[in-house]
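Report on the following structure.
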Amino acid sequence: MASAKLYFMFFLSQLLYYLHLAIAQNNRTVPVGATLTAGTNSSPWVSPSGDFAFGFHQLDEENNSNGLFLLSIFYNKIPEKTVVWYTDNKDQNPAVPRGSQVKLTADRGLVLNDPQGKQLWSSKIEVGTVAIGVMNDTGNFVLASSSSSKLWDSFTNPSDTLLPGQMMETEQGLFFSKIGHQFLTRTVPISLA
């Protein structure tokens, strides 16, 4: 009898957790613990208008026999899902294999792991605890604390595209792929200073 009660309590807690995730995503906020997996049917995290999405973008969909993806922000309403931001892996290729997963964590923010669990990239939260992620209609993905303080955002961590309203500090740089938008080689920094 006690084990049935314990099982019911576990089931109820799991049900409430997944209900919380569903409600949060409908409000266009992403709760801590939410994940996306490359090459699965997991829906990207979409802005309120639906114009932008944060998720895995398959590279060269027609000829992609090796299953490479970019964790990125892209225009969501147009057939050609144009990438406007992607993870900056500095010394390695930003393309990741099928099965890679990004998770929103309280202490490190966004954490991208390969299918074997090796960390490839994180948003590197320096101070504070992440409460939610938000994909804004501006194309900016923001990680915020419970007091709504911005802890990290994609606009202050640009890749190769600036969007309207996006400011860039002089210490920052943009990156471009040596062979266009195929993202198959290292990126080269472009400095504004």
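Keep in mind that this is a model prediction, so the values were computed, not measured. For the numbers below, each heavy atom of this structure counts, side chains included, while hydrogens, waters and symmetry mates do not.
- What you find for Pro97 and Ala38 is that their closest heavy atoms are O-CB, 4.0 Å.
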Worksheet item: Hey, mind stepping through Phe155 and Val142 against side chain to side chain contact (heavy atoms under 4.5 Å, CB included) and telling me if it holds?
Response: CA-CA 9 Å; Phe155 272 16; Val142 177; over 6 Å; no
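- Taking 4.5 Å as the limit, every side-chain heavy atom of Val102 sits out of range of all side-chain heavy atoms of Val111.
- Between the side chain of Ser147 and the main chain of Ser145, no donor-acceptor pair closer than 3.5 Å is present.
- Atom CG in Leu70 sits 11.0 Å away from atom CD in Gln58 (nearest 0.5 Å).
- Taking the six-membered ring for Trp and the full ring otherwise, Phe74 and Phe52 have centroids separated by 6.0 Å or more.
- For the pair Ser100 and Leu112, the tightest heavy-atom approach, listed with the atom from each and the gap, is CB-CD1, 4.4 Å.
- No donor-acceptor pair under 3.5 Å is formed between the side chain of Lys124 and the backbone N or O of Trp152.
- By the criterion of side-chain heavy atoms lying less than 4.5 angstrom apart, applied directly or through intervening Ile, Leu, Val, Met, Phe, Trp or Tyr residues, Met135 is grouped together with Ile78 in one hydrophobic cluster.
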Worksheet item: Taking it one step at a time, do Asn140 and Ser154 satisfy side chain to side chain donor-acceptor pair (under 3.5 Å)?
Response: CA-CA 6 Å; Asn140 191 16; Ser154 59; 3.0 Å; yes
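- Counting all heavy atoms, side chain and backbone alike, Phe56 lies closest to Leu36 at CE1-O, 3.4 Å.
- Side-chain atoms of Asn157 come within 3.5 Å of backbone N or O of Asp153 as a donor-acceptor pair.
- The structure places CZ of Arg98 at 9.0 Å from OG1 of Thr40, a figure rounded to the nearest 0.5 Å.
- For residues 109-119, every residue pair satisfying the side-chain hydrogen bond (donor to acceptor under 3.5 Å, both in side chains) rule, not counting sequence neighbours, is listed here: Arg108-Gln119.
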Discussion item. Determine whether Val130 and Ile125 satisfy the following criterion, side chain to side chain contact (heavy atoms under 4.5 Å, CB included), listing intermediate values before the conclusion.
Written reply: CA-CA 8 Å; Val130 176; Ile125 302 302; 3.8 Å; yes
Item to complete: Begin from the C-alpha positions of Ile132 and Val30 and carry the test side chain to side chain contact (heavy atoms under 4.5 Å, CB included) through to its verdict.
Response: CA-CA 5 Å; Ile132 59 167; Val30 181; over 6 Å; no
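- Val134 and Leu71 are not part of a single hydrophobic cluster, where members link through side-chain heavy atoms under 4.5 Å apart.
- Between His57 and Phe69 the shortest side-chain heavy-atom distance does not fall below 4.5 Å.
- Between the OG1 atom of Thr35 and the NZ atom of Lys103 there is a distance of 7.5 Å, given to the nearest 0.5 Å.
- Closest non-hydrogen pair, Phe141 versus Gly133, comes out as CZ-CA, 4.1 Å.
- Considering all non-hydrogen atoms of both residues, Lys81 and Asn76 come closest at NZ-O, 2.6 Å.
- Using modelled atom types and a 3.5 Å distance limit, the side chains of Asn136 and Thr138 yield no donor-acceptor pair.
- Of all heavy-atom pairs between Ser123 and Leu143, the closest is OG-CD1, 3.5 Å.
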Discussion item. Is there a side chain to side chain contact (heavy atoms under 4.5 Å, CB included) between Phe54 and Trp85? Walk through the geometry before answering.
Written reply: CA-CA 9 Å; Phe54 179 95; Trp85 178 91; 3.8 Å; yes
